[in-house]
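Both counts, for ligands and for their atoms, begin at 1 and track the order of listing.
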Amino acid sequence: MDCIFCKIIAGDIPSRKLYEDDRVLAFYDISPMAKTHFLVVPKQHIASAQEITPDNSGIIAHIFEVIARLAAERGLADGYRVVTNVGDNGCQSVKHLHFHVLGGEKLSEKLA
Ligand code: DGP
């Protein structure tokens, strides 16, 4: 499958990894939009949040557990933002579900 995040998960494309287990990978975004900006992705290819079903939704709870742990470890105690873009109107450029974690500084009050 021609998916850049599947290639990162497989190790075919290098990334700056923060965390990995059997279900998720976290790595720094190549184009940071905040002082700290990393992505958390399921290893299973799910195209976007629009593809979440009762069969695969368990991964979402796990991803948010990982985000909370990484945020604590990476000094984001003052707060951070979690974003997932969906589809063309959501400006999703990589069609593999991913959660942006942005922080390390005061973020814009504007969400869109
Ligand atoms: P989105 O626009 O929500 O689909 O975000 C995709 C993000 O993925 C974007 O912030 C840039 C990042 N990205 C794209 N290609 C790569 C890559 O090869 N390596 C890393 N580390 N990040 C990437």
With heavy atoms and a 4.0 Å threshold, my read on which part of Phe99 contacts ligand 1 is neither

Evaluate salt bridge (Lys or Arg N to Asp or Glu O under 4.0 Å) for Lys7 paired with Asp2, printing each intermediate quantity in order. CA-CA 8 Å; Lys7 289 177 182 165; Asp2 193 23; 2.9 Å; yes

For atom 12 (C) of ligand 1, what is the closest protein heavy atom, and at what distance to 0.1 Å? Asp29 OD2, 3.4 Å

Calculate, to the nearest 0.5 Å, the distance between atoms CD1 and CG belonging to Ile60 and Leu97 respectively. 5.0 Å

How far is atom 21 (N) of ligand 1 from its nearest protein heavy atom, and which residue and atom is that? Tyr28 O, 2.9 Å

the protein heavy atom lying closest to atom 18 (O) of ligand 1 turns out to be Ile4 CD1, 3.7 Å

Evaluate the side chain to side chain contact (heavy atoms under 4.5 Å, CB included) criterion for residues Lys95 and Ser48: first the C-alpha distance (whole Å), next the side-chain angles of each, then the deciding distance (0.1 Å), finally the verdict. CA-CA 6 Å; Lys95 306 300 193 243; Ser48 77; over 6 Å; no

Between Asn56 (side chain) and Gln44 (backbone), is there a donor-acceptor pair under 3.5 Å? no

Short list, please: which atoms of ligand 1 are under 4.0 Å from a heavy atom of Asn85? 1 (P), 2 (O), 3 (O)

Using a strict 4.0 Å cut-off to heavy atoms of Leu39, name the atoms of ligand 1 that fall inside it. 8 (O)

Touching ligand 1 at all, Met33? Heavy atoms, strictly under 4.0 Å? no

Which residue supplies the protein heavy atom nearest to atom 8 (O) of ligand 1, what is that atom called, and how far is it? Phe5 CZ, 3.4 Å

What are the atoms of ligand 1, with element, lying closer than 4.0 Å to any heavy atom of Ile8? 17 (C), 18 (O), 19 (N)

Donor + acceptor pair across side chains of Asn85, His98 (<3.5 Å): no

Phe99 and its ring-ring contact (aromatic ring centres under 6.0 Å, His included) partner, picked from Tyr80, Phe38, Phe64, Phe5: Phe64

Looking at ligand 1, is there an atom of it that comes within less than 4.0 Å of some heavy atom belonging to His100? yes

Which heavy atom of the protein is the closest neighbour of atom 1 (P) of ligand 1, given with residue, atom name and distance? His98 NE2, 3.2 Å

Indicate yes or no for a side-chain donor-acceptor contact from Gln92 to the backbone of Ala47 under 3.5 Å, with no hydrogens or angles considered. yes

Would His96 and Val41 count as a side chain to side chain contact (heavy atoms under 4.5 Å, CB included) here? Give the steps. CA-CA 8 Å; His96 182 127; Val41 311; 4.3 Å; yes

Taking only heavy atoms of Gln92, which atoms of ligand 1 are found under 4.0 Å from at least one of them? 4 (O)

Those atoms of ligand 1 less than 4.0 Å from some heavy atom in Ser93: 1 (P), 2 (O), 4 (O), 5 (O), 6 (C)

Could Arg16 and Tyr28 be counted as a cation-pi pair, given that NZ or CZ must be under 6.0 Å from the ring centre and within 45° of the axis? yes

Is a donor on one side and an acceptor on the other found under 3.5 Å between the side chain of Glu51 and the backbone of Ile46? no

Under 4.0 Å from a heavy atom of Cys91: which atoms of ligand 1 are those, numbered in the order shown and with their elements? 2 (O)

Which of the atoms of ligand 1 are close to Phe27, meaning less than 4.0 Å from one of its heavy atoms? 20 (C), 21 (N)

What residue and heavy atom of the protein are closest to atom 23 (C) of ligand 1, and at what distance? Ile30 CG2, 3.4 Å

